[in-house]
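Each remark here refers to the structure printed beneath this line.
Read the numbers this way: they start at 1 and go in the same order the structure lists the ligands and their atoms. Side chains included, hydrogens not; waters and symmetry mates left out as well; all remaining heavy atoms used. Since this is a predicted model, take the numbers as computed values, not measurements.
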Amino acid sequence: MTNTWWEIQILCEPSLEESIFWRLDNFGCRGIASEKKGSSFLVKSYLPQFQAHLLDLAALSLWLRQDALCLGLSTPVTRWELINEQDWASSWKQHWQPQEIGDRFLINPAWLPVPENNNRLILRLDPGVAFGTGNHATTQLCLESLEMRLSTTMPFASEQTESEIIADIGCGSGILSIGALLLGAKQVYAVDTDPLAVKSTIENSELNGIEPERLVTREGSVEVLTELVKGVDGIVCNILADVIISLVPQMSAIAKPNTWAIFSGILIEQSKSVAEALEKNGWVVATLWRRKEWCCLNVRRGI
Ligand SMILES: C[S@@+](CC[C@H](N)C(=O)[O-])C[C@H]1O[C@@H](n2cnc3c(N)ncnc32)[C@H](O)[C@@H]1O
């Protein structure tokens, strides 16, 4: 049993209540209740924390807004917070098992023994409260894209994997940075606006025996990268679509004429607006991979 729950609160017009209940039920929420708040309704619902990442909650909020717009009603306000943090770590640890991703990776929780006779790249991880266990479709899509980019046996792989310098924007647990380094990249510059993510990336880097100079981690975003490095060969960025769109113009400062990039955290219905923002800023979309309701854009710098 988990001890930490998301409490999701939705303030809405009364006529939206039914469609919200339906959405929450489909989302896996347990215990849905509503109360009158003036002329509005406040719907409260609960979900074990391990069942939803922040990205999923953001997607839920978007669907609720879209439902309201389709019905011609004013959009609801969705908020979420974690309640009852006690025993979170131990309860969550019971739910997280080693996981194979793509053809090359095995994500192994830090507290489990490293499997013997396994020919996969073992990525050891203790994300703590940071995002990035490998369970989420967007992280998987990014790792698989990195695999295609950096595994020398892959047809689209870079011929100079061992000299590739990569930026990881929104590094979370550091899973993508460490994945790129295990695949043979020379160096990764990882940034995240959340100081807990920065701490988690540094700890996971040590856990995987990565030399500190190969994974440089800082709190912040693209503006910090521009101070750290002149140009990078590749970029991975798994954040929400809106954030990606706002960061794309600044990314030109760290892009070289042949830089490639992997973007995820994008709902399928948002892919068009992200692709447009990328193309406006000198990127060419090469492929779109999808898993569940999420997609991942593989792009390269335009000529
Ligand atoms: C979806 S998680 C991705 C974690 C990990 N890279 C993965 O793929 O599993 C997004 C991360 O981006 C960070 N973030 C959000 N906005 C950001 C921004 N503007 N610049 C840098 N990081 C940001 C969040 O703190 C969070 O750790």
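For Asn298 and Ser145, the side-chain atoms include at least one donor-acceptor pair closer than 3.5 Å.
Set against the non-hydrogen atoms of Ile175, the atoms of ligand 1 under 4.0 Å away are 7 (C), 9 (O). Close approach of ligand 1 to Leu55 is summarised as follows: ligand atoms under 4.0 Å from at least one heavy atom of the residue are 1 (C).
Relative to atom 7 (C) of ligand 1, the option among Leu247, Thr139, Thr193, Asp168 with the closest non-hydrogen atom is Thr139. Among Asp192, Leu225, Asp194, Val243, the residue whose heavy atom lies closest to atom 24 (C) of ligand 1 is Asp192. Looking at Ser221, Ser200, Ala190 and measuring to atom 21 (C) of ligand 1, the nearest heavy atom belongs to Ser221. Here the shortest heavy-atom distance to atom 6 (N) of ligand 1, taken over Ala58, Gly172, Gly170, belongs to Gly170.
No donor-acceptor distance shorter than 3.5 angstrom exists from the side chain of Thr138 to the backbone of Ser264, with no hydrogens or angles considered.
Residue contact check for ligand 1: Gly265 places no non-hydrogen atom closer than 4.0 Å to it. The shortest separation from a heavy atom of Gly220 to ligand 1 is under 4.0 Å, placing the residue in contact.
Within 6.0 Å of atom CH2 in Trp289, 12 or fewer heavy atoms from other residues, nucleotides or ligands are found, so the atom counts as exposed in its surroundings.
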List the steps, then state whether side-chain contact (heavy atoms from CB on, under 4.5 Å) holds for Ile10 with Val77. CA-CA 6 Å; Ile10 303 151; Val77 179; over 6 Å; no
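In this structure, Leu143 and Ile107 have side chains that are in contact, with non-hydrogen atoms separated by less than 4.5 Å. Between Arg104 and Glu144 there is no side-chain heavy-atom pair separated by less than 4.5 Å.
By the rule that hydrophobic residues join a cluster once side-chain heavy atoms approach within less than 4.5 Å of another member, Val229 and Met251 end up as members of one cluster.
Residue-to-ligand polar distances place Asn238 within reach of ligand 1: an N/O pair is separated by less than 3.5 Å.
With a 4.0 Å heavy-atom cut-off, ligand 1 is reached by no atom of Ser264.
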